[in-house]
Amino acid sequence: MWLSSSTSSALRRQHFLIRSLCASSTPQTSHNQMERVHCASISIPEADAEGVIRKITPLLDRTRHKGQAGRIAVIGGCREYTGAPYFTAISALKIGADLSHVFCTKDAATVIKSYSPELIVHPILEESYSVREDERETVSSYILAEIRKWLERFDCIVVGPGLGRDPFLLNCVSDIMRHARQLTIPIVIDADGLYLVTNNIELVRGNSLAILTPNVMEYKRLLEKVLNCDVSNDNQSEQLRILSQKIGGVTILRKGKEDLISDAKTVTKVSTFGSPRRCGGQGDILSGSVAVFTSWARHYVMSGIPSSEMSLNPLILGCVAGSVLLRKAALGAFLSKKRATLTTDIIEFLGQSLEEICPAE
Ligand SMILES: NC(=O)C1=CN([C@@H]2O[C@H](COP(=O)(O)OP(=O)(O)OC[C@H]3O[C@@H](n4cnc5c(N)ncnc54)[C@H](O)[C@@H]3O)[C@@H](O)[C@H]2O)[C@@H](O)CC1
Ligand SMILES: Nc1ncnc2c1ncn2[C@@H]1O[C@H](COP(=O)(O)OP(=O)(O)OP(=O)(O)O)[C@@H](O)[C@H]1O
Ligand SMILES: [Mg+2]
């Protein structure tokens, strides 16, 4: 299931071709450089991502009740950003989660509610400007207590889309993350959540249920902070694996032309062609998608159905599935809308893309 046989034979063919090319060309140093660069770019195995989706997506069984297909929460949304948490939360629903909550600031809540009646929106976060210095401790205890009432119901939480970078708010979110960890809830960390984590790695170190989803800049900052080095184009795979290892084996999905995924043990990639449009918000869809698939993958792995695949990390399965679905939906939207493609168009293609991989009936 994990690697398609056509992929591995294609890889063998490519290795053979490169070895042949290196053997027949001229100066020794350039052979070595060429081999290193080419081998680095082809040695990451492609995941059989659609196969993963077919395995982990639950049947639409008539006996199931509301909530069984997933309850997702997004912690994000502030004065500046209301689109990002909406994209994440609505994507989770469109893919098949039963319930999608958003915990955001008061200013953002009414706006997010007005985008969709499907979302359950909690206006409980506060930014520094709305809380007096002497009230901060009380307010942060209140926020944590409110969120604690809900937290254990969720199958996965996403921290960061549109969260902003207000220090008081990020302090409260750190407490929420610590509590989620105690409750062993999987957590996808994106956008401003990554800003928070990059400045306090201990929040995620060793958390085997954490997924970081950095974009190009977020990855660069994470590398600088943790490995004190710049991005290597020569050996991206090993660098990613070492980064994950240094943070205690957290799963990292490095977004880019190819999405690279590692949990310190394995590195895999999804490179299905998506869309050439790079409109903002696609990473937000991805975080919602990864959250749903990760909760499905955990159920799948825990159900004991897979025998040889039991050792697979459900977080990796969730990342692989989320990545390919977003890319397929982005392609569908682009073919229809071309240059006018927006994130909302891609969201509209999530259902059809999933249907093509894994029909509902
Ligand atoms: N509609 C919305 O409300 C949206 C809000 N967003 C939110 O905006 C906030 C800031 O997120 P940002 O992603 O802008 O983070 P940053 O503020 O860290 O900015 C990232 C920077 O990297 C640049 N960049 C991205 N990809 C690059 C590449 N391949 N090569 C070189 N530079 C590249 C971007 O242009 C941007 O300037 C977050 O809270 C995020 O969730 C975004 O998710 C986009 C949509
Ligand atoms: N150059 C690229 N070519 C093809 N696909 C890409 C490219 N860059 C990113 N993607 C795809 O778009 C998705 C979102 O990645 P991106 O880097 O845009 O995230 P982001 O910056 O966090 O987005 P957002 O605007 O939501 O914050 C990734 O999963 C990846 O599959
Ligand atoms: Mg982002």
Side-chain angles (χ1 to χ4, degrees), residues 46-47 49 74-92 102-105 107-108 111-112 114-116 125 127 158-166 169-170 173 188-199 211-225 230-231 233 236 252-261 268-291 293 318-334 341-347 349-350 353:
E46 178 87 28
V74 180
I75 318 270
C78 64
R79 261 203 303 194
E80 285 91 351
Y81 310 120
T82 54
Y86 164 78
F87 294 145
T88 304
I90 201 75
S91 299
V102 177
F103 294 85
C104 58
T105 66
D107 306 308
V111 181
I112 298 171
S114 75
Y115 297 152
S116 167
L125 300 179
E127 291 182 78
V158 184
V159 174
L163 189 60
R165 294 180 184 179
D166 178 79
L169 183 144
L170 291 183
V173 173
V188 178
I189 300 161
D190 188 34
D192 300 319
L194 287 169
Y195 169 82
L196 173 62
V197 161
T198 303
N199 291 316
I211 299 173
L212 313 186
T213 56
N215 65 17
V216 171
M217 294 305 282
E218 291 155 351
Y219 186 71
K220 193 170 154 39
R221 288 184 207 123
L222 205 53
L223 265 185
E224 275 163 9
K225 188 69 183 212
D230 209 345
V231 178
N233 292 322
Q236 302 181 25
I252 304 176
L253 191 172
R254 178 191 166 181
K255 295 179 284 195
K257 191 159 161 269
E258 298 176 332
D259 288 343
L260 306 186
I261 301 148
T268 189
K269 72 175 177 194
V270 175
S271 62
T272 310
F273 180 68
S275 157
R277 275 283 281 138
R278 302 263 59 82
C279 53
Q282 296 183 62
D284 305 321
I285 303 181
L286 182 74
S287 62
S289 177
V290 166
F293 283 119
C319 289
V320 159
S323 170
V324 79
L325 186 70
L326 163 66
R327 283 165 175 257
K328 249 180 106 67
L331 176 62
F334 179 73
T341 306
L342 297 180
T343 297
T344 41
D345 302 313
I346 301 175
I347 290 170
F349 270 86
L350 287 170
S353 306

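Just so we're clear, the structure is a prediction, and the values are computed from it rather than from any experiment. In listed order, ligands and their atoms are each counted from 1.
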Identity and distance of the protein heavy atom lying nearest [atom]:
atom	answer
atom 2 (C) of ligand 1	A84 N, 3.4 Å
atom 17 (O) of ligand 2	N215 CB, 3.6 Å
atom 30 (C) of ligand 2	D259 OD1, 3.3 Å
atom 18 (O) of ligand 1	R221 NH2, 2.7 Å
atom 45 (C) of ligand 1	D284 OD2, 3.6 Å
atom 30 (N) of ligand 1	V216 CG1, 4.0 Å
atom 26 (O) of ligand 2	G283 N, 2.8 Å
atom 10 (C) of ligand 1	Y81 OH, 3.9 Å
atom 44 (C) of ligand 1	G281 N, 3.7 Å
atom 24 (N) of ligand 1	M217 CG, 3.8 Å
atom 38 (C) of ligand 1	D192 OD2, 3.4 Å
atom 15 (O) of ligand 2	K255 CD, 3.7 Å
atom 13 (C) of ligand 2	L326 CD2, 3.6 Å

T343, portion touching ligand 2 at heavy-atom distance under 4.0 Å: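 Near ligand 2, T343 shows nothing, with every heavy atom at 4.0 Å or more.
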Region of D284 that comes within reach of ligand 2 [heavy atoms, distance under 4.0 Å]: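 Both backbone and side chain.
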Is there a donor-acceptor contact under 3.5 Å from the side chain of [X] to the main chain of [Y]?
X	Y	result
E80	G164	no
T88	A84	yes
T213	K255	no

Determine whether any protein heavy atom is located less than 4.0 Å from [atom].
atom	answer
atom 28 (C) of ligand 1	yes
atom 12 (P) of ligand 1	no
atom 36 (C) of ligand 1	no

Polar contact flag for G162 and ligand 1 (N/O pairs, less than 3.5 Å):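 The answer is yes, given that G162 and ligand 1 share an N or O pair closer than 3.5 Å.
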Ligand 1 N/O within reach of G83 N/O, cut-off under 3.5 Å: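 Indeed, backbone or side chain, G83 has an N or O that close.
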Mark up the atoms of ligand 1 that fall under 4.0 Å of a heavy atom belonging to [X], in ascending order.
X	result
P161	41 (O)
A191	38 (C), 40 (C), 41 (O)
R165	16 (P), 17 (O), 18 (O)
F87	1 (N)
N215	13 (O)

Salt-bridge criterion met for D166 and R79 (N-O under 4.0 Å):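 No, D166 and R79 are not salt-bridged.
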Check: G281 N/O within less than 3.5 Å of ligand 2 N/O: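 Min N/O separation from ligand 2 is below 3.5 Å for G281.
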Heteroatom distance test (R278, ligand 2): nitrogen or oxygen, under 3.5 angstrom: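 R278 vs ligand 2: N/O contact under 3.5 Å present.
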Under 4.0 Å to a heavy atom of G280 - the qualifying atoms of ligand 2, by number: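 So the atoms of ligand 2 that pass are 25 (O).
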Atom indices of ligand 2 within 4.0 angstrom of R327 heavy atoms, with elements: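 Matching atoms, with element in brackets: 5 (N), 30 (C), 31 (O).
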Closest to atom 9 (C) of ligand 2 (judged by heavy-atom distance), picking from P161, G83, G256, G322: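 Result: the heavy atom closest to atom 9 (C) of ligand 2 is in G256.
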Winner among K257, Q282, R277, E218 once heavy atoms are compared against atom 3 (N) of ligand 2: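 Considering heavy atoms of K257, Q282, R277, E218, the nearest to atom 3 (N) of ligand 2 sits in K257.
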Whether A191 lies under 4.0 Å from ligand 2, heavy atom: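 Judged by the 4.0 Å heavy-atom criterion, A191 does not count as contacting ligand 2.
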Sub-4.0 Å heavy-atom contact, G274 with ligand 2: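 G274: no contact with ligand 2 (<4.0 Å).
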Taking every non-hydrogen atom, the tightest pair across F334 and S275: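 Nearest pair, atom of F334 first, then S275: CB-OG, 3.7 Å.
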Heavy-atom closest pair, residues G256 and R327: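 Looking at all heavy atoms of both residues, the closest pair is O-NH2, 2.9 Å.
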